[in-house]
Novice: 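Quick one: structure below, then a few questions.
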Amino acid sequence: MTEHGGPIPTLVITGGRLLDPDTGRSELADLLLSGGRVSAVAAPGELTLPAGSILVQRIDAASLLVAPGLIDLQVNGAAGVDVTGEPERLWEVAAALPRHGVTSFLPTLVTTDARTRDRALSALATGRPDDVPMGARPLGLHFEGPMLSPQRPGVHDRNLLREPSAELITGWSAEAGLTMVTLAPELPDALEVIGALVARGVLVSIGHTAATLTQVQAAIATGARAVTHLFNAMPGLDHREPGPVGAVLGTENLVAGVIVDGLHVHPVTVAAAYRALGPRRFLAVSDTTAALDQPDGLSRLGSRQVLIGAGSVRTTDDGGLAGSAVGLDECVRLLARFAGLSSVEALRAATTVPSDLLGRPDLGRVQPGSVADVVLLTEDLQPVATIVGGRVLHDVRTATTTSPEWTVV
């Protein structure tokens, strides 16, 4: 098992228009990527290679947008692999994501048993098998459950839901590989569990909940900082009881993940949420599943059998939505259209917003010192090439053009 892929080449990307989600600026620039980091950003033609550079790969980005790699905090699966059902195959999910411009992500387990959660943590710690291609970088796991409201389970298995307890979260920590937990804050002892998880470096997100405004506010005071798939699996906004939606839209305390697939949330509601949240708190997530890049037919999400068809993923018994079949790149394109945003504005929701939420300022940006995660896009935000940690893992042009140009200097 290894995460190594041989020497990291020095990459020179020329001729593209660099998008900076931090500032909202867009300008022609050349990039130097070296040692897996962004080494320099310069005006066209003004890059200087470091002395002794070898194996310099030159990438032509003329007529393309150059942007930070996308970060998806809710990925249940991809390419026919369900993370909850087969956690050891999370690396195959990782390998499928660069074609969608995703360079880092949180493999997400829906409500399951303790043994499966342990298997996922072990698979993450063991690393990528040698026979699996390199892919997007897992940033730790996201446990969506089992501490969810039985009133708002969505497609989660009710029989596997559990009330919060110190025993349940034994071993759950950032150090062990757990980055994010979604739970319902109104459950018994939830506040104590939130406090314990936050103390262990875990991001706590509110979701699958029937909480009142007061209960959400208590969770915020204890350390919760996000909401999972806003509007879905929670009560709607009421003028007398704002609930979770009101807590998000009416305050400035929470970052809100929104599934922007055109199905989970109406386009007008997406636009309204963006206007209320602003560019720093609207988090685009795909909630994608094993259905990503798969033909129509049967699939799975955790313990549930689901059906892929007409661009959606639905349970076979009641037809409820069960995650999505889209990549985060499609979510960014739809967000731009629904909310009337520029490309750089829409990209914030999948770059700087998730990186800041995770406390990773070295991700989600293309500036000196940042991790060399870069995506080249067409003007309509279709991924052309994806670079993860300084390595080109996807380029649609390689099938029709000559091999990349290499220069020894």
Side-chain angles (χ1 to χ4, degrees), residues 70-78 81-91 93-94 97 102-114 116-125 135-148 154-156 160 162 164 168-169 171-185 193-194 197-198 200-209 223-230 232-233 254-259 283-290 292 301-302 322-324 327-328 331 350 353-360 363:
L70 308 184
I71 305 169
D72 197 340
L73 303 192
Q74 195 165 359
V75 175
N76 305 289
V81 179
D82 174 52
V83 173
T84 306
E86 301 178 278
E88 291 81 9
R89 298 180 67 190
L90 67 86
W91 298 100
V93 173
L97 296 179
V102 174
T103 54
S104 53
F105 73 112
L106 295 185
T108 300
L109 278 73
V110 297
T111 296
T112 187
D113 55 48
T116 301
R117 292 190 293 269
D118 288 343
R119 286 167 56 199
L121 289 168
S122 177
L124 182 69
R137 179 186 304 101
L139 299 175
L141 298 181
H142 174 183
F143 288 170
E144 186 185 353
M147 298 175 285
L148 308 179
V155 297
H156 291 245
L160 295 175
R162 297 291 181 268
L168 177 63
I169 63 168
W172 293 23
S173 69
E175 184 178 8
L178 180 60
T179 295
M180 182 174 175
V181 169
T182 294
L183 56 74
V193 164
I194 291 172
L197 290 172
V198 170
R200 300 175 197 173
V202 177
L203 170 65
V204 174
S205 185
I206 297 166
H208 288 272
T209 176
R225 295 194 293 118
V227 167
T228 296
H229 46 54
L230 182 65
N232 300 120
L254 296 168
V255 171
V258 182
I259 306 171
L283 169 68
V285 297
S286 71
D287 197 26
T288 198
T289 65
L292 183 64
L301 176 58
S324 83
L328 191 57
C331 297
V353 172
S355 65
D356 289 348
L357 180 62
L358 296 181
R360 291 293 305 268
L363 300 176

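The model shown is predicted, which means the values in this text are computed figures rather than measured ones. Hydrogens, waters and symmetry mates play no part in the numbers below; they use all other heavy atoms, side chains included.
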Novice: Please report the interatomic distance CG(Leu292) to OG(Ser324), rounded to the nearest 0.5 Å.
Specialist: 7.5 Å
Novice: Could you tell me if the side chain of Leu203 sits less than 4.5 Å from the side chain of Leu358, heavy atoms only?
Specialist: yes
Novice: Contact between Val193 and Val181 at the side-chain level, heavy atoms closer than 4.5 Å - yes or no?
Specialist: no
Novice: Would you sort out whether Glu88 and Arg119 count as a salt bridge (charged side-chain N to carboxylate O under 4.0 Å, His left out), showing the intermediate values?
Specialist: CA-CA 7 Å; Glu88 291 81 9; Arg119 286 167 56 199; 2.8 Å; yes
Novice: With no hydrogens and no angle check, is any side-chain donor or acceptor of Trp91 less than 3.5 Å from a backbone partner on Gly135?
Specialist: no
Novice: As a test of understanding, state which of Asp72, Leu106, Leu124 forms a side-chain contact (heavy atoms from CB on, under 4.5 Å) with Leu139.
Specialist: Leu106
Novice: Where is the tightest heavy-atom contact between Met180 and Thr228, given as atom of each residue plus distance?
Specialist: CE-OG1, 4.0 Å
Novice: Just so I know, are the side chains of Leu168 and Pro146 near enough to count as touching, which here means a heavy-atom distance under 4.5 Å?
Specialist: yes
Novice: Could you tell me whether the side chain of Val75 reaches within less than 4.5 Å of the side chain of Thr288, counting heavy atoms only?
Specialist: yes
Novice: Do Val110 and Val155 come close enough that some side-chain heavy atom pair is under 4.5 Å?
Specialist: no
Novice: A side-chain contact here means heavy atoms from C-beta on lying under 4.5 Å apart; do Val93 and Phe105 qualify?
Specialist: yes
Novice: Does some side-chain heavy atom of Leu183 sit less than 4.5 Å from a side-chain heavy atom of Ile194?
Specialist: yes
Novice: If we ignore hydrogens and angles and just use 3.5 Å, is the side chain of His208 paired with the main-chain N or O of Thr182 as donor and acceptor?
Specialist: no
Novice: Would you say that Ile169 contacts Arg200 through its side chain, given a criterion of any heavy-atom pair below 4.5 Å between the two side chains?
Specialist: yes
Novice: Using only atom types and a distance under 3.5 Å, with no angle test, would you say the side chain of Asp82 pairs donor to acceptor with the backbone of Gly302?
Specialist: yes
Novice: Would you confirm whether Thr289, through its side chain, and Gly77, through its main-chain N or O, come within 3.5 Å as a donor-acceptor pair?
Specialist: no
